[in-house]
Amino acid sequence: MRRRLFTTQGQAASSKWTNIHALVRDQRLGILTLQETHLTPTLVDDIHNLFGHCLLIFNSSDPNNPTSSAGVAFILNREVMSTSHSKVHEIIPSQALLLTTTWHNSASLSVLNVYAPNDYHQQTSFWETLEEYWSDHALPKPDFMLGDFNLVEDPIDRSPPRLDLSAPSVALQDLQLSLNLVDAWRTDRPSERNYTFRTSSNSFSRID
DNA sequence: CCACCGGCCAGCGCATGATT
DNA sequence: AATCATGCGCTGGCCGGTGG
C-alpha cells in the first residue's frame, strides 16, 4: 500500500521517496541507482521540490507507459558529492542510462544503469544495441554496469537451478568483453550462492 | 467543501509447466 | 531447446465513502 503523503505539495511524492531520502542520508550514499522507477518528469519535479536540497535525480522514463513500466534513475547525494560535473546520456530510454561524473575531485567516473527487458525476445537485441552504441559514439566506457539484468549466466544463480536462454547470455558476455567489464561479485566468489530476487513460492535468482 | 482512506480493477514483472 | 500459456504478487489509477 503506497499512499500519497504530500498532496498539499501538488502531486505525488510517495512514502517510497521519503524512505529513499532517509536511506541516502542515513547511509551517506553518494550514488544510488534505481530500476522500474515509474516516474514522469512532473513526479521528478515534485520529489526535487521536497528533497532537492539533498537529492539530485536523473531519470529516464518509458515513452509509452511512464507510470507503470520500466524507468531507470540515478539518485545523487549532494551532501556527499559534488554534482556540478554530473550528467547523463540516455542510451535507451527507460532501460539504459549512463552517468558521467567526478568523484571527490579525482578522476572521472562513469556508471551504466540498466533495466534489461523481461521479455526474452528483446533481451539479445538489448545487449547488442548497447555494444553498438559504444562503437558508434565517443563515450567513456563505464567503470561500473549495474541494474536489473533479467537473466543469469549460470544455473548457480537460480534456485532451483535453471539455465537461461543462451543467446541473451552470449550477447551480454560480448558486451562485457567490449566494455572490459566482469561480474565482480561472482569473480570474487566463484561458487557462492546468493540471490537478489525471490518469489512467494521460495524460488530465488540473482538477476540484478 | 476537502483531505484522506479503502476497495476494486487492470497492467506489469517474474516464474513455471505445457507444448511444439 | 525454444516458445506459449498461465498464475501470482505488486502497483497505479479510479471511484466513492467518511469525517472534520
>> I'd like to know if the side chain of Asp164(A) reaches the main chain of Val152(A), judged simply by a donor and an acceptor atom lying under 3.5 Å from each other, with no hydrogens or angles considered.
In response: yes

Take atom [atom1] of [X] and atom [atom2] of [N], then tell me their distance rounded to the nearest Å.
X: Leu151(A); N: dA15(B); atom1: CG; atom2: C1'; result: 15 Å
X: Asp62(A); N: dG12(C); atom1: CG; atom2: C1'; result: 14 Å
X: Asp148(A); N: dA15(B); atom1: CG; atom2: C1'; result: 14 Å
X: Leu163(A); N: dA2(C); atom1: CG; atom2: C1'; result: 12 Å
X: Asp157(A); N: dA15(B); atom1: CG; atom2: P; result: 12 Å
X: Phe149(A); N: dG13(B); atom1: CZ; atom2: C1'; result: 17 Å
X: Leu39(A); N: dG13(C); atom1: CG; atom2: P; result: 11 Å
X: Asp119(A); N: dA2(C); atom1: CG; atom2: C1'; result: 13 Å

>> Looking at Arg186(A) and Asp157(A), is any side-chain nitrogen of the basic one under 4.0 Å from a carboxylate oxygen of the acidic one?
In response: yes

Does [N] have OP1 or OP2 sitting under 4.0 Å from an N or O in the side chain of [X]?
X: Asn118(A); N: dC12(B); result: no
X: Tyr195(A); N: dC14(B); result: no
X: Asn65(A); N: dG11(B); result: no
X: Tyr115(A); N: dG13(B); result: yes

Which nucleotide wins on minimum distance to the side chain of [X], given the candidates [options]?
X: Arg162(A); options: dG11(B), dT16(B), dG12(C); value: dT16(B)
X: Glu36(A); options: dG13(B), dT3(C), dA15(B); value: dG13(B)
X: His38(A); options: dA15(B), dG12(C), dA2(C); value: dG12(C)
X: Thr67(A); options: dC12(B), dG12(C), dC14(B); value: dG12(C)

> Can you pull the side chain to side chain donor-acceptor pair (under 3.5 Å) pairs that have at least one residue in residues 122-132 of chain A, sequence neighbours excluded?
Replying inline: Asp119(A)-Gln122(A)

>> Under 4.0 Å, counting only non-hydrogen atoms across every strand here, what does Phe197(A) touch: a base, just sugar-phosphate, or nothing?
In response: sugar-phosphate

>> What's Arg158(A) touching, base or sugar-phosphate or nothing? Going by heavy atoms closer than 4.0 Å.
In response: sugar-phosphate

>> Please enumerate all residues that pass side-chain hydrogen bond (donor to acceptor under 3.5 Å, both in side chains) together with Asn65(A), with sequence neighbours excluded.
In response: Ser68(A)

> By side-chain hydrogen bond (donor to acceptor under 3.5 Å, both in side chains), which residues pair with Ser200(A), not counting sequence neighbours?
Replying inline: none

>> Taking ring-ring contact (aromatic ring centres under 6.0 Å, His included) as the cut-off, I'd like each qualifying pair that reaches into residues 182-208 of chain A, sequence neighbours left out, listed once.
In response: Tyr195(A)-Phe204(A)

> Closer to the 5' end of DNA chain C via nearest nucleotide, is it His121(A) or Thr37(A)?
Replying inline: His121(A)

Can I get a per-line list of side-chain donor-acceptor pairs under 3.5 Å for residues 87-103 of chain A, giving both atom names and the distance, sequence neighbours left out?
unit_1: Glu90(A); atom_1: OE2; unit_2: Ser60(A); atom_2: OG; d: 2.5
unit_1: Thr100(A); atom_1: OG1; unit_2: Lys87(A); atom_2: O; d: 3.4
unit_1: Thr101(A); atom_1: OG1; unit_2: Ser86(A); atom_2: OG; d: 2.6

> If every non-hydrogen atom of Arg158(A) is compared with every non-hydrogen atom of Ser205(A), which pair is closest and at what distance?
Replying inline: NH1-CB, 3.7 Å

> In residues 200-208 of chain A, what residues come within less than 4.0 Å of DNA chain B, judged by heavy atoms?
Replying inline: Ser203(A), Ser205(A)

